[in-house]
Amino acid sequence: MNISKQLINWYLDNKRDLPWRNTQNPYFIWLSEIILQQTQVAQGLPYYNSFITNFPTVFDLAKAEEQEVLKLWQGLGYYSRARNLHASAKYIVTELDGQFPETFEEIIKLKGVGDYTASAIASICFNQATAVVDGNVYRALSRLYGIDTPINTTQGFKTFKTLAQQLIDTKQPATFNQAIMEFGARLCKPKNPDCNSCPFNNKCVALQKNIISDLPVKLKNTKVTKKHFNYIVVLSSDQKTIIEQRQGNGIWQNLYQFPLIETSKEANHSTIYSEIEELNVLKGKIFQLSVFNQKPIIHKLSHQHLYTKFWIVNLEQELPEGVLTSSIQSYPVPILIGNFIEKFNF
DNA sequence: AACTCGGGGCC
DNA sequence: GGCCCAGAGTT
């Protein structure tokens, strides 16, 4: 029996029952694939359920406000996925009359959809034999064939895409693609793969050479930089605070936050005091400054460590331009801010 | 080709 | 503390 058939047989015996596996509706499949980019199934699952409940069709998603979409995405990370998802929903409704594109070439034109996602949708929804290459596929094929080409290079992608394309069962591409991914996720895991019960343990090159833990090969990514964030939490006499929307191209684009003062090293009381005297909303006003957490909260991202302090500014005046503290839970915020809001309990 | 974009789980 | 996760967009 060939590898493709063996993978499919393994899958049919071992697959998880996941909500997006009971449909070929391209809107649902698209949604699930975007959510699952760089995200484990267990983490993405509640977000998928939330989205299909709040936006049952692409029309519902298209007519929502971006803030609403970001709010539902809050905590999942990589927020450009949410912004691109929303933009593509609008595109499908206004330009394509609500009709989801049906070929790989058309699907990949959607914002936020690359080779992997277009292949997944084209195969699962439209029975097109386009092989997916994700982290699971890299791992399974690099081990099975003993391929040490670095996966995060152009050559690596081409090598594994070509191999997966040769292996795909053209009569059941949807099942094959999901089978190889499930195999990588559940059996051929990064750590402690279950080689004892693997259907390929008689031919796996990496197992025979005892180099399972060396594959796949991935070039090191760049170093982590440290930053010092100081969030200014204003509390006015009329129960208001200041929040602003993040602009520009950095992290958390279009999410909300308290006014941020970034310093080159850990800030102390006097530094922050003189900084906030310059804030327009506080100019000439009387306030008391205290720190919420003396010890910085270290928020770890893939390539930044954010040493964060929350500073409380008590104002004995009203703040006409502020927002009610009772309403801040409706704004999409980074989880770093969300955790603070929960703990501070306004 | 290198860099950027989150948050959580696992070891 | 390092690596990984149903990757994509920008420079």
Side-chain angles (χ1 to χ4, degrees), chain A residues 11 15-16 18-21 29-48 70 73-85 87-88 107-121 123-124 130-140 150-158 160-161 164 174 176-186 188-193 213-225 246 248-255 298-306 332-339:
Chain A
Y11 175 65
K15 69 173 184 176
R16 291 167 286 183
L18 300 170
W20 49 84
R21 289 202 168 137
I29 298 300
W30 172 50
L31 190 52
S32 74
E33 294 300 343
I34 301 297
I35 286 174
L36 292 174
Q37 287 169 5
Q38 293 294 287
T39 303
Q40 298 190 172
V41 167
Q43 189 186 3
L45 191 50
Y47 287 84
Y48 175 80
L70 286 172
W73 202 271
Q74 180 176 310
L76 195 55
Y78 285 162
Y79 296 93
S80 65
R81 291 183 293 171
R83 298 192 305 269
N84 287 334
L85 183 77
S88 293
I107 295 168
I108 203 171
K109 291 179 182 171
L110 300 175
K111 282 186 183 178
V113 172
D115 188 278
Y116 162 76
T117 303
S119 299
I121 298 172
S123 62
I124 294 171
T130 50
V132 294
V133 178
D134 74 334
N136 295 307
V137 175
Y138 281 127
R139 188 168 51 254
I151 61 174
N152 52 342
T153 60
T154 305
Q155 185 55 50
F157 172 74
K158 285 171 64 177
F160 288 97
K161 178 79 179 183
F176 173 85
N177 275 340
Q178 295 183 83
I180 191 169
M181 289 192 285
E182 188 80 343
F183 175 79
R186 306 272 289 175
C188 199
K189 299 173 291 183
K191 304 283 184 186
N192 303 322
S213 60
D214 300 327
L215 295 175
V217 174
K218 191 174 185 179
L219 302 180
K220 303 286 184 205
N221 42 2
T222 51
K223 264 183 45 178
V224 174
T225 60
R246 288 182 66 93
N249 286 328
I251 58 171
W252 303 328
Q253 186 185 353
N254 292 7
L255 272 64
I298 307 175
H299 187 68
K300 295 183 177 181
L301 305 177
S302 306
H303 51 285
Q304 293 184 48
H305 288 182
L306 306 177
V333 297
I335 205 64
L336 174 61
I337 307 281
N339 288 342

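Letters go in sequence order (proteins before strands), and every chain restarts at 1. The analysis underlying the following values was restricted to heavy atoms, covering all of them including side chains, and did not include hydrogens, waters or symmetry mates.
Checked against salt bridge (Lys or Arg N to Asp or Glu O under 4.0 Å), K109(A) has the following partners two or more places apart in sequence or in another chain: E106(A). By the salt bridge (Lys or Arg N to Asp or Glu O under 4.0 Å) test, K161(A) is found to be paired with D115(A), residues two or more places apart in sequence or in another chain being considered. F157(A) pairs by the ring-ring contact (aromatic ring centres under 6.0 Å, His included) definition with nothing, not counting sequence neighbours. For the ring-ring contact (aromatic ring centres under 6.0 Å, His included) test, residues two or more places apart in sequence or in another chain that qualify with F183(A) are W10(A), F200(A). Judged as a salt bridge (Lys or Arg N to Asp or Glu O under 4.0 Å), and not counting sequence neighbours, R246(A) has no contacts.
Considering only side-chain atoms of L301(A), the nucleotide from dA1(B), dT4(B), dG7(B) that sits closest is dG7(B).
With both ends at atom P, the span from dA8(C) to dG9(B) equals 24 Å, rounded to whole Å. Rounded to whole Å, the separation between the P atoms of dC3(C) and dC3(B) comes to 16 Å. Of the P atoms belonging to dT11(C) and dG6(B), the separation is 15 Å, rounded to the nearest Å.
Counting non-hydrogen atoms under 4.0 angstrom, V132(A) reaches nothing in the nucleic acid. Here R186(A) lies out of heavy-atom contact (under 4.0 Å) with every strand. Residue contacts for N177(A): at a heavy-atom cut-off of 4.0 Å it reaches no nucleic acid atom on any strand shown. No contact: Q253(A) has no heavy atom under 4.0 Å from any strand. Contact annotation for S80(A): no contact, since no heavy-atom pair falls under 4.0 Å across all strands. Among the protein residues, G250(A) comes within range of the sugar-phosphate backbone only, with heavy atoms under 4.0 Å from sugar or phosphate atoms but none that close to a base. T117(A) comes within contact range of the sugar-phosphate backbone alone, with a heavy-atom separation under 4.0 Å but no base atom that close. Within 4.0 Å (heavy atoms only), L76(A) reaches at least one base atom of the nucleic acid. Contact annotation for G75(A): backbone-only contact, meaning every heavy-atom pair under 4.0 Å involves sugar-phosphate atoms and none involves a base. When heavy atoms are screened at a 4.0 angstrom cut-off, K189(A) is found touching no nucleic acid atom at all. If you check every strand for non-hydrogen atoms under 4.0 Å, W20(A) touches a base.
L336(A) places its CG atom 12 Å from the P atom of dG6(B), with the value rounded to the nearest Å. Here dC5(B) presents its C1' atom at 11 Å from CG of N84(A), a figure rounded to the nearest Å. Counting to the nearest Å, the P atom of dC5(B) and the CG atom of L255(A) are 13 Å from each other. Computed from coordinates, the Y79(A) OH to dG8(B) C1' distance equals 12 Å when rounded to whole Å. N152(A) has its CG atom 9 Å from the P atom of dA2(B), to the nearest Å. H305(A) places its NE2 atom 15 Å from the C1' atom of dC5(B), with the value rounded to the nearest Å.
Residues K191(A) and N249(A) each lie close to DNA chain B; by heavy-atom proximity, the contact nearer the 5' end of the strand is made by N249(A). Each of S302(A) and V113(A) was matched to the nucleotide of DNA chain C holding its nearest heavy atom; the match closer to the 5' end belongs to S302(A). Ranked by how close their nearest DNA chain B nucleotide is to the 5' end, T153(A) and Q38(A) are led by T153(A).
Atom CD of E33(A) is separated from atom OH of Y116(A) by 3.5 Å, given to the nearest 0.5 angstrom.
At dC10(B), none of the side-chain N or O atoms of Q40(A) fall inside 4.0 Å of OP1 or OP2 (strictly under the cut-off). Phosphate contact (OP1/OP2 of dG6(B), side-chain N/O of H299(A), threshold under 4.0 Å): absent.
Here the two rings, on W73(A) and Y47(A), have centers that are 6.0 Å apart or farther.
For the side-chain contact (heavy atoms from CB on, under 4.5 Å) test with I35(A), the passing option among W20(A), Y48(A), W30(A) is Y48(A); the others fail.
Mapping heavy-atom proximity under 4.0 Å, the span of DNA chain C touched by chain A runs 5' to 3' from dG1(C) to dG9(C).
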